[in-house]
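Below is one structure, written out as structure tokens, with a few remarks after it.
Proteins come first, then strands; the chains are lettered A, B, ... in the order of their sequence lines, and each starts at number 1. What you see is a predicted model, and the numbers here were worked out from it, not measured in a lab.
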Amino acid sequence: MPTNAEIATILETLAELMELDEVNKFKFIAVQNAARRVAESNFSIESRAADGTLTEIPDIGKSIAAKIEEIVATGKLGELEEYFQKYPPSLVEIERVQGVGPRTARRVWEELGISTMAELEAAARDGSIAGLAGMGKKSAENILKGIRRLEARGNRLLLGEVLPVAEEILDILKQMPEARNVTCAGSARRMKETVKDVDIIATATDPEALTGAFSQLPLVEEVIGSGPTKCSIRTHTGLQIDLRVVPDALYGNLLQHFTGSKEHNVALRELAISKGMKVSEYGVEDTASGMVHECDMEDNVYQLLGLEYIAPELRENNGEIEAAATGSLPRLIEPGDLKGDLHLHSDWSDGHASIMEMALAAKKRGFKYIAVSDHTQSMGMVRGLTPERLEKQLEEIARVNDELDGFRVFASAEVDVRSDGVLDLPDESLARLDFVTVSIHSGFNQDKQQIMERMRVAMENPYVRAIGHPTGRLINRRDPYEVDMEAIIAMAARTGTALEINSHFQRLDLNDRHARAAQAAGAKLVINSDAHRPGHLDLLRYGIATARRGWIEPGTVLNTLSAAGMKNMLAKPKKGRAK
DNA sequence: GCCGTTTTCGGCCCGACTGTTTTCAGTCG
């Protein structure tokens, strides 16, 4: 029973080998598109195969549906196996080296018999790569560099690791007298959960002074390339940052272009063609008259195409262009919409600050309330709360509330649903709390049935208001538990249990796609920091960004309610309360 | 191989850079 990810991987590999085999390029692009569609689907592709409704999914036609059905039935794909007879599977690996594409991969295999990374490296060193027609010493050097880079950081970097560095650089550049506009572009501007490198777009009175200063920053380890208007550097942490200084008149076009995503830009250009226009980084051209409109502001690009301005977080070609054309883009949630945080810890369990300190930090941010949600007893190593200690904590919360003016601390807990499917506090204790979040912190490797049973127990409990980090994934580090997201979302909507977007940049859980599906299904969300110290409240920006990428509107998110609104809601039993 | 507000055929995004060549293919964003 293959997962969407497994099916997508098989299709991606097939597309790579088709490209290598030089089949009609539109054929492998079609397979690539289908692979992406499968990877990003919120529903089970396998069950759609069982229903025979695969072809209702965009980018999946008769032919690819048949391939998916074969993968579901047999776990493999005959066509791919045939390709593996023709080309060694490891050839796909060496294609991932920067500077090596399908053509080069095929040539080194055919002409030099190379199929593995080690062989490629050896050939680059001993001069046999440089000896190939059309290749030279530089090509070999670039391949070696590419291999080293691949080894150094196979994975993309986490947004939360990259963004602070990028912003530090932006601040420095902005303060330079030569700088006019300085903006982050690329996937970091779209707030994607992982990013490969950082693109900065700027305008300046003296471009060379700006790129020069950029290349001299203390965090630069290596200047990869430098010219009068462009400079690429690598930081000591291995992050590549490109600065492009562009003409004022084209700032809008170039910012739009380099913000991407690639898929968004492709779709935008297709739309332009249908309207008799042509979009590139050098302007929007009216094809008939040949007139080129240059845009110094990004929103002009969208305006010229008859579109509403599309927020960077939405630019993934997931329907945003269609929505912008009809004026039906969502009113995206913004930082100011959040009125409180419903999942954070204190020094009663593994937090590093007192309840009062956390409350004051939240108040300083302009919040109206927090819910102190410490771990419960089965989390022994973090001094999880027993029913007795919980009672004591309630007394302290009452004292803090007495002292604070215009701010409310709600009593809460992050209650474990244990491996045996039992909640870690009895209902009598849960009844004492204002807001209960339930999370899974053990038995990560249980099968889908067991995990889903734990989720059912949690959500059907009348006191449980939210599920914390619902999939348990740690980006690049730990896979999600065996959750059936479609079922969880349906259950959340039915029982009136909110699903959390945990804001820690390692989690971002729910992710953007799941959040969007949850909103569409009528489920409620909460966006929480899971802070363990006051400074962690800053993590909320990543949760809000994830929500925005998921098209989330304020009304979907419980903690956009005012303190009074929240109190009101909590005074009532939750919807769909189990009898 | 997919798709349809110029539909069931004939399209399918655009341009720059690199390294190598002397007019261009491959790769990248």
Side-chain angles (χ1 to χ4, degrees), chain A residues 11 14-16 18-20 22-37 54-68 79 94-108 129-143 145-146 149 185-190 195-199 201 224-227 229-230 232 240 242 244 246 250 253-285 287 292 301 305-306 315 317 321-322 325-326:
Chain A
L11 291 176
L14 177 66
E16 280 173 315
M18 286 169 77
E19 187 178 11
L20 199 77
E22 294 182 60
V23 302
N24 177 325
K25 75 167 173 172
F26 296 110
K27 287 193 183 184
F28 75 74
I29 289 173
V31 176
Q32 250 170 22
N33 289 340
R36 176 172 180 260
R37 183 70 66 172
L54 283 171
T55 52
E56 289 170 21
I57 303 168
D59 296 328
I60 297 179
K62 250 175 94 176
S63 164
I64 291 179
K67 296 190 208 303
I68 294 174
E79 199 181 341
I94 73 170
E95 248 194 87
R96 307 223 170 100
V97 177
Q98 222 175 54
V100 178
R103 297 301 172 94
T104 309
R106 184 167 163 178
R107 280 193 66 200
V108 297
I129 295 271
L132 292 175
M135 310 269 283
K137 234 176 133 180
K138 272 279 176 106
S139 312
E141 274 171 30
N142 281 338
I143 287 174
K145 269 195 170 174
R149 198 166 309 137
S187 48
R189 181 165 183 237
R190 303 199 311 279
V195 301
K196 199 166 69 127
D197 48 31
V198 173
D199 297 301
I201 305 292
I224 302 165
S226 178
T229 61
K230 191 188 161 185
S232 292
Q240 181 174 331
D242 299 340
R244 282 166 223 271
V246 307
L250 287 169
N253 299 104
L254 282 148
L255 180 59
Q256 194 286 320
H257 175 76
F258 283 108
T259 296
S261 65
K262 189 171 190 291
E263 290 77 10
H264 174 85
N265 286 351
V266 167
L268 207 64
R269 286 165 185 176
E270 283 170 357
L271 173 80
I273 289 170
S274 76
K275 297 191 169 214
M277 291 188 270
K278 194 172 79 174
V279 173
S280 80
E281 56 265 53
Y282 297 111
V284 180
E285 184 183 335
T287 318
V292 178
V301 177
L305 296 170
R315 299 183 197 170
N317 192 28
I321 293 175
E322 294 80 351
T326 56

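The closest side-chain heavy-atom distance from A/Tyr282 to A/Leu250 is below 4.5 Å. With contacts defined as side-chain heavy-atom distances shorter than 4.5 Å, the pair A/Val108/A/Leu132 qualifies.
Protein atom NZ of A/Lys278 is 7 Å distant from nucleotide atom P of B/dC14, rounded to whole Å. Distance CG (A/Asn253) to P (B/dG15): 12 Å, rounded to an integer number of Å. When rounded to the nearest whole Å, the span between CG of A/Asn317 and P of B/dC13 equals 11 Å. One can place CG of A/Asn265 at 12 Å from P of B/dC14, the figure rounded to the nearest angstrom. A straight line from CD1 of A/Ile224 to P of B/dC17 spans 17 Å, rounded to a whole angstrom. Atom P of nucleotide B/dC13 and atom CD1 of A/Ile321 are separated by 12 Å, given to the nearest angstrom. Put simply, CE on A/Met18 is 6 Å from P on B/dG1, counting in whole angstrom units. The interatomic distance linking A/Tyr282 (OH) with B/dC14 (P) rounds to 15 Å, in whole Å.
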For residues 266-278 of chain A, dump all side-chain donor-acceptor pairs below 3.5 Å to protein atoms at least two apart in sequence or in another chain.
| unit_1 | atom_1 | unit_2 | atom_2 | d |
| --- | --- | --- | --- | --- |
| A/Arg269 | NE | A/Val279 | O | 3.4 |
| A/Arg269 | NH2 | A/His257 | ND1 | 3.0 |
| A/Ser274 | OG | A/Leu271 | O | 2.6 |
| A/Lys275 | NZ | A/Leu305 | O | 3.2 |

Could you tabulate the donor-acceptor pairs under 3.5 Å formed by side-chain atoms of residues 55-68 of chain A, not counting sequence neighbours?
| unit_1 | atom_1 | unit_2 | atom_2 | d |
| --- | --- | --- | --- | --- |
| A/Asp59 | OD2 | A/Arg37 | NE | 3.2 |
| A/Asp59 | OD2 | A/Arg37 | NH2 | 3.1 |
| A/Lys67 | NZ | A/Glu79 | OE1 | 2.7 |

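Comparing the C1' positions of B/dG11 and B/dA16 gives a spacing of 25 Å, expressed to the nearest Å. If you take atom C1' in B/dC14 and the same atom in B/dT20, they sit 23 Å apart, rounded to whole Å. Rounded to the nearest Å, the gap between the C1' atom of B/dT23 and that of B/dT18 is 15 Å. Straight-line distance between the P atoms of B/dG29 and B/dT22: roughly 28 Å, to the nearest whole Å. Here the separation of B/dT8 from B/dC13, taken at their C1' atoms, is 24 Å to the nearest Å. Using atom P as the reference point in both B/dC12 and B/dT6, the two lie 14 Å apart (nearest Å). Nucleotides B/dC2 and B/dC17 are separated by 36 Å at their P atoms, to the nearest Å.
The side-chain hydrogen bond (donor to acceptor under 3.5 Å, both in side chains) search around A/Arg36 returns none, not counting sequence neighbours. A/Arg107 pairs by the salt bridge (charged side-chain N to carboxylate O under 4.0 Å, His left out) definition with A/Glu111, not counting sequence neighbours. Residues that satisfy the side-chain hydrogen bond (donor to acceptor under 3.5 Å, both in side chains) test with A/Ser187, not counting sequence neighbours, are absent from this structure. Residues satisfying the side-chain hydrogen bond (donor to acceptor under 3.5 Å, both in side chains) criterion with A/Arg315, sequence neighbours excluded, are A/Glu298, A/Tyr302, A/Tyr309. Residues forming a side-chain hydrogen bond (donor to acceptor under 3.5 Å, both in side chains) with A/Asn317 (at least two apart in sequence, or on another chain): none.
For A/Ile273, taking side-chain heavy atoms from C-beta onward, the closest of the listed nucleotides B/dC2, B/dC14, B/dC3 is B/dC14.
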Below 3.5 Å between N/O atoms, which protein atoms pair up with nucleotides 18-22 of chain B? Just atom names and distances, please.
| unit_1 | atom_1 | unit_2 | atom_2 | d |
| --- | --- | --- | --- | --- |
| B/dG19 | OP1 | A/Asn142 | ND2 | 3.0 |
| B/dG19 | O3' | A/Ser139 | OG | 3.2 |
| B/dT20 | OP1 | A/Gly136 | N | 2.3 |
| B/dT20 | OP1 | A/Gly136 | O | 3.3 |
| B/dT20 | OP1 | A/Lys137 | N | 3.4 |
| B/dT20 | OP1 | A/Ser139 | OG | 3.2 |

Collect all protein-nucleotide pairs involving nucleotides 25-29 of chain B in which both atoms are nitrogen or oxygen and the distance is under 3.5 Å.
| unit_1 | atom_1 | unit_2 | atom_2 | d |
| --- | --- | --- | --- | --- |
| B/dG26 | OP1 | A/Arg103 | NH1 | 3.1 |
| B/dG26 | OP2 | A/Arg103 | NH1 | 2.9 |
| B/dG26 | O3' | A/Thr104 | OG1 | 3.4 |
| B/dT27 | OP1 | A/Gly101 | N | 2.5 |
| B/dT27 | OP1 | A/Gly101 | O | 3.2 |
| B/dT27 | OP1 | A/Thr104 | N | 3.1 |
| B/dT27 | OP1 | A/Thr104 | OG1 | 2.6 |
| B/dT27 | OP2 | A/Arg103 | N | 3.4 |
| B/dC28 | OP1 | A/Gly99 | N | 2.5 |
| B/dG29 | OP1 | A/Lys196 | NZ | 3.3 |

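Among the atoms of the strands shown, none is found under 4.0 Å from any heavy atom of A/Ile29.
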Exercise. Yes or no on side chain to side chain donor-acceptor pair (under 3.5 Å) for A/Gln240 and A/Asp242, after CA distance, side-chain angles and deciding distance?
Worked result: CA-CA 7 Å; A/Gln240 181 174 331; A/Asp242 299 340; 3.1 Å; yes
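Residue A/Ser280 places no side-chain N or O under 4.0 Å from the OP1 or OP2 atom of B/dC14.
Pair assignment for B/dT8 gives none, since no Watson-Crick or G-U wobble pairing has each distance under 3.5 Å.
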